[in-house]
Undergrad: 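One structure follows; several queries about it will come next.
Predicted model only: the values in this text are computed from it and were never measured.
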Amino acid sequence: MESTAAEGVEAAEAVALLRSTTTIRDRARQLLDRARAGESSWFTVHDAALDAAAALVVDTSRTRYPDGDIPFHSRWRHFEAGGIDRLAALDDRLPATEGAERSRTLIDVVLVSVLLDAGAGPDWSYHDSNGLTLARSEGLGVASWEAFGAGLFSGDPARPLQADAAGLETITVDALGAAFQVADDNGLAGLSGRVDLLRGLGVVLASRPEIFGADARPGGLFDHLTRGGRSRVAASDILQAVLEHLGPIWPTHNVIGSRPLGDCWRHDAVTGPGLTAGWVPFHKLSQWLTYSMLEPFVWAGVEVTGLDDLTGLPEYRNGGLLLDTGVLTLRDDDWAARDWDVDDELIVEWRALTVALLDELADRVRDRLGADPAAMPLACVLEGGTWAAGRRLAARLRNGLPPLSIRSTGTVF
């Protein structure tokens, strides 16, 4: 019995360590140092190409935000697709209640939308209520926004503008597919995986009323993190709340003991203490969600500190930027022609190298723009930025497709 208890404590400590952004950066740096030493089986690093990559990011940032006022990289940018102020339209529909209800509503919609934000695939698009045809991230963002506005995620017909356990636990593939206009000629990658995530979210919301409130809504995180009248919240606290309280929704076989790790994968070259050895954490969707929750807190008058504790997002636009600018090259060009799984060592390493190199790229971008980290945190470099530059190159080189093909489950990318 004592041995089992000790093992449980060790597993809990390992999971906590793997949730830290310090650990994410440390493990990513290990693999970057190793690749720079020529020891990677998969990639070669070309440091001389970093300046050209930074120049492209700067050019993209100046084109997108000529006044230099770059917002955070977040789901809210996708909700603004087509230059339409959808937030104002939502505000017009919200009841005139105490201010926290607006914050809860905004967290409800953005959290659900982020969970639906895995790669759509090359063939899917969405026709929105304004007559726009949108694809990829913008299409997914607007489709989820309009589904939210129609009450798809609410279990209370009298309160359609919310996501709650009752609505999420009962959502079906057919219902979500219809909302996203899925058809034989408009297929959406990972549709069933997205539904599983939403249902899992509903189960978690219902099981933790002390966090998500009696209404069992994602927006309960706002009340949880500002409890006691807190007017200042660290970005890392938001991330840790997401990882701790929403961790059970991630359908992964990656565990330590019986504890799920989420977006955390094996790479045998990585070292670390105890049970964490060989594990490389990313928590990409959880960090994307954290980035996307920053603005609802700021808009409510809450100061969010420590923005650069969060890491760059290891997904195929940022990672694609590094491959397409030649900062990274594959040791075998034929690997670009095959399909990969998210747990393949090549993909794990690509994502780790992306995290580490984004930090270095951000420094070069700030130098070229004459900005310091306080004025241009990583969240703004990504938005300006690296993600858009990666998409720009993908559009030019492969009609928008990423440089590596990853089989999507709808839960990581």
Undergrad: If I take atom CG from residue L369 and atom OG from residue S61, how far apart are they, to the nearest 0.5 angstrom?
TA: 6.0 Å
Undergrad: Give the minimum heavy-atom separation between V110 and S292, together with the two atoms involved.
TA: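 Scanning both residues completely, I find the closest heavy atoms to be CG2-CB, 3.6 Å.
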Undergrad: Taking only Lys NZ, Arg NE, NH1 and NH2, and the carboxylate oxygens of Asp or Glu, determine whether E383 and R64 approach each other closer than 4.0 Å.
TA: yes
Undergrad: Could you please spell out the steps behind the salt bridge (charged side-chain N to carboxylate O under 4.0 Å, His left out) verdict for R77 and E295?
TA: CA-CA 11 Å; R77 308 291 79 78; E295 283 155 305; 3.0 Å; yes
Undergrad: After noting the C-alpha distance and the side-chain angles of D128 and W145, does the key distance pass the side-chain contact (heavy atoms from CB on, under 4.5 Å) rule?
TA: CA-CA 10 Å; D128 84 337; W145 180 273; over 6 Å; no
Undergrad: Report yes if the side chains of E360 and V327 come closer than 4.5 Å at any heavy-atom pair, otherwise no.
TA: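 No. Closest side-chain heavy atoms not under 4.5 Å.
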Undergrad: How many angstroms lie between CG in L18 and CH2 in W279, if you round to the nearest 0.5 Å?
TA: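 Answer rounded to 0.5 Å: 8.5 Å.
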Undergrad: Within the supplied structure, the quantity of interest is the number of heavy atoms (other residues, nucleotides, ligands) at a distance under 6.0 Å from D372 CG; does it exceed 12?
TA: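 Counting neighbours around CG of D372, more than 12 heavy atoms of other residues, nucleotides or ligands fall under 6.0 Å, so yes.
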Undergrad: Tell me the closest heavy-atom pair linking V204 and P248, and the distance in Å.
TA: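 Where V204 meets P248 most closely, the heavy atoms are CG2-CB, 4.0 Å.
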Undergrad: I'd like to know if D363 and R366 make a salt bridge, using a cut-off of under 4.0 Å between side-chain N and carboxylate O.
TA: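 Here D363 pairs with R366 in a salt bridge, since their nearest N and O are under 4.0 Å apart.
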Undergrad: Which value, rounded to the nearest 0.5 Å, describes the distance between L401 atom CG and Y316 atom OH?
TA: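 That separation rounds to 9.0 Å.
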Undergrad: State, without any angle test, whether T386 and N318 hold a side-chain donor-acceptor pair at a distance under 3.5 Å.
TA: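 Indeed, the side chains of T386 and N318 share at least one donor-acceptor pair under 3.5 Å.
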Undergrad: Go through it in stages, so that I can follow the logic: the residues are Q287 and I24, the test is side-chain contact (heavy atoms from CB on, under 4.5 Å), and I'd like the CA-CA distance, side-chain angles, deciding distance and then a yes or no.
TA: CA-CA 11 Å; Q287 292 205 75; I24 296 174; 3.7 Å; yes
Undergrad: Any donor and acceptor pair, going by atom type alone, linking the side chain of S286 with main-chain N or O of V242 inside 3.5 Å?
TA: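 Side chain of S286 to backbone of V242: no pair is present.
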Undergrad: So does G400 get a backbone contact from the side chain of R391, meaning a donor-acceptor N/O pair under 3.5 Å?
TA: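 No.
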Undergrad: State plainly whether the residues D33 and R29 are in salt-bridge range, i.e. N to O under 4.0 Å.
TA: yes
Undergrad: Test F148 against V112 for side-chain contact (heavy atoms from CB on, under 4.5 Å), laying out the working first.
TA: CA-CA 9 Å; F148 179 86; V112 169; 5.8 Å; no
Undergrad: Give every residue pair that meets the side-chain hydrogen bond (donor to acceptor under 3.5 Å, both in side chains) criterion with at least one member in residues 166-175, sequence neighbours excluded.
TA: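 For residues 166-175: none.
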Undergrad: Under the side-chain contact (heavy atoms from CB on, under 4.5 Å) criterion, do L321 and L393 qualify, and how do the steps go?
TA: CA-CA 7 Å; L321 169 69; L393 286 175; 4.0 Å; yes
Undergrad: Could you go step by step and tell me if T276 and R27 meet the side chain to side chain donor-acceptor pair (under 3.5 Å) rule?
TA: CA-CA 10 Å; T276 72; R27 305 289 165 100; 2.9 Å; yes
Undergrad: Is any side-chain heavy atom of D67 closer than 4.5 Å to one of Y65?
TA: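 Sidechains of D67 and Y65: in contact.
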Undergrad: Using the six-membered ring wherever Trp is involved, compare the ring planes of F79 and W76 and label them parallel, tilted or perpendicular (cut-offs 30° and 60°).
TA: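 Answer is perpendicular, since the angle exceeds 60°.
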Undergrad: Hey, is the main chain of F180 close enough, under 3.5 Å, to the side chain of W124 for a donor-acceptor pair?
TA: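 Checking the backbone N and O of F180 against the side chain of W124, a donor-acceptor pair under 3.5 Å is found.
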Undergrad: Does any donor atom in the side chain of Q181 or H127 lie under 3.5 Å from an acceptor atom in the other side chain?
TA: no
Undergrad: Quick check: are there more than 12 heavy atoms from other residues, nucleotides or ligands sitting under 6.0 Å from CG of D85?
TA: yes
Undergrad: Please state whether the rings of H245 and F212 are parallel, tilted or perpendicular, taking 30° and 60° as the class boundaries.
TA: perpendicular
Undergrad: Take Q240 and D237, measure what side chain to side chain donor-acceptor pair (under 3.5 Å) needs, and give me the verdict at the end.
TA: CA-CA 5 Å; Q240 290 306 311; D237 288 343; over 6 Å; no
Undergrad: Taking the side chain as every heavy atom from C-beta outward, state whether R194 and L140 have any atom pair closer than 4.5 Å.
TA: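 A side-chain contact exists here, since the closest heavy-atom pair is under 4.5 Å.
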Undergrad: Report yes if the side chains of L31 and S40 come closer than 4.5 Å at any heavy-atom pair, otherwise no.
TA: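 Side-chain contact under 4.5 Å: no.
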Undergrad: Closer than 3.5 angstrom, by distance alone: can the side chain of R317 be matched with the main-chain N or O of G390 as a donor-acceptor pair?
TA: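 No; zero donor-acceptor contacts below 3.5 Å.
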Undergrad: With a 4.5 Å heavy-atom cut-off, do D344 and I406 have their side chains touching?
TA: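 SC-SC contact between D344 and I406 ruled out.
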Undergrad: Here's a test for you: under side-chain contact (heavy atoms from CB on, under 4.5 Å), which of T226, I238, I211, L289 qualifies with L221?
TA: I211
Undergrad: Among all residues two or more places apart in sequence or in another chain, which pass the salt bridge (Lys or Arg N to Asp or Glu O under 4.0 Å) test with R75?
TA: D117
Undergrad: Can you check whether V342 reaches F282 side chain to side chain, under 4.5 Å on heavy atoms?
TA: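 Side chain of V342 against side chain of F282, heavy atoms only: no contact under 4.5 Å found.
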Undergrad: Would you say that L50 contacts D47 through its side chain, given a criterion of any heavy-atom pair below 4.5 Å between the two side chains?
TA: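 Answer yes - side chains close enough.
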Undergrad: Which pair of non-hydrogen atoms, one from L378 and one from R25, has the smallest distance, and what is that distance?
TA: CD2-NH2, 3.9 Å
Undergrad: Show the nearest heavy-atom pair for residues D164 and G155, with the distance to one decimal.
TA: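 So the two residues come closest at OD1-N, 2.8 Å.
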Undergrad: Which distance, rounded to the nearest 0.5 Å, do you find between the CG of L246 and the CG of L243?
TA: 8.5 Å
Undergrad: Under the ring-ring contact (aromatic ring centres under 6.0 Å, His included) rule, what do W288 and W387 come out as? Steps first, then yes or no, please.
TA: CA-CA 12 Å; W288 176 225; W387 188 89; 7.7 Å; no
Undergrad: Rounded to the nearest 0.5 Å, what separation is found between the CG atom of L313 and the CG atom of L358?
TA: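 Rounded to the nearest 0.5 Å, the CG-CG separation comes out at 8.0 Å.
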Undergrad: So which heavy atom on P218 is nearest to which on L111, and how close?
TA: CB-CD1, 3.7 Å
Undergrad: Looking at R102 and D91, is any side-chain nitrogen of the basic one under 4.0 Å from a carboxylate oxygen of the acidic one?
TA: yes
Undergrad: Does a side-chain N-to-carboxylate-O contact under 4.0 Å join R217 and E101?
TA: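 Here R217 pairs with E101 in a salt bridge, since their nearest N and O are under 4.0 Å apart.
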Undergrad: Between the side chain of N254 and the main-chain N/O of L261, is any donor-acceptor distance below 3.5 Å?
TA: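 Checking the backbone N and O of L261 against the side chain of N254, no donor-acceptor pair under 3.5 Å is found.
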Undergrad: To the nearest 0.5 Å, what is the distance between NE2 (H253) and CG (D343)?
TA: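 Interatomic distance, H253 NE2 to D343 CG, rounded to 0.5 Å: 5.0 Å.
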Undergrad: Looking at every non-hydrogen atom in both residues, tell me the closest pair between A388 and T60 and how far apart they are.
TA: CB-CG2, 3.8 Å
Undergrad: Just by modelled atom types, is the G187 backbone N or O under 3.5 Å from a matching donor or acceptor in the D123 side chain?
TA: no
Undergrad: With distance as the sole test, does S144 use its side chain to make a donor-acceptor pair with the main-chain N or O of S113 at under 3.5 Å?
TA: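 It does not hold such a pair.
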Undergrad: Does the H46 side chain pair with the main chain of A48, one donor and one acceptor, at a distance under 3.5 Å?
TA: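 A pair under 3.5 Å: no.
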Undergrad: Can you tell me how the ring of W42 sits relative to the ring of W340, calling it parallel under 30°, perpendicular over 60° and tilted otherwise?
TA: perpendicular
Undergrad: In the structure I gave you, are the side-chain heavy atoms of V142 and I84 within less than 4.5 Å of one another anywhere?
TA: no
Undergrad: Do D108 side-chain atoms and A163 backbone N/O form a donor-acceptor pair below 3.5 Å?
TA: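 Between the backbone of A163 and the side chain of D108 there is a qualifying donor-acceptor contact (under 3.5 Å).
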Undergrad: Using a cut-off of 6.0 Å, state whether more than 12 heavy atoms not belonging to R338 lie near its atom CZ.
TA: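 Correct, the count exceeds 12.
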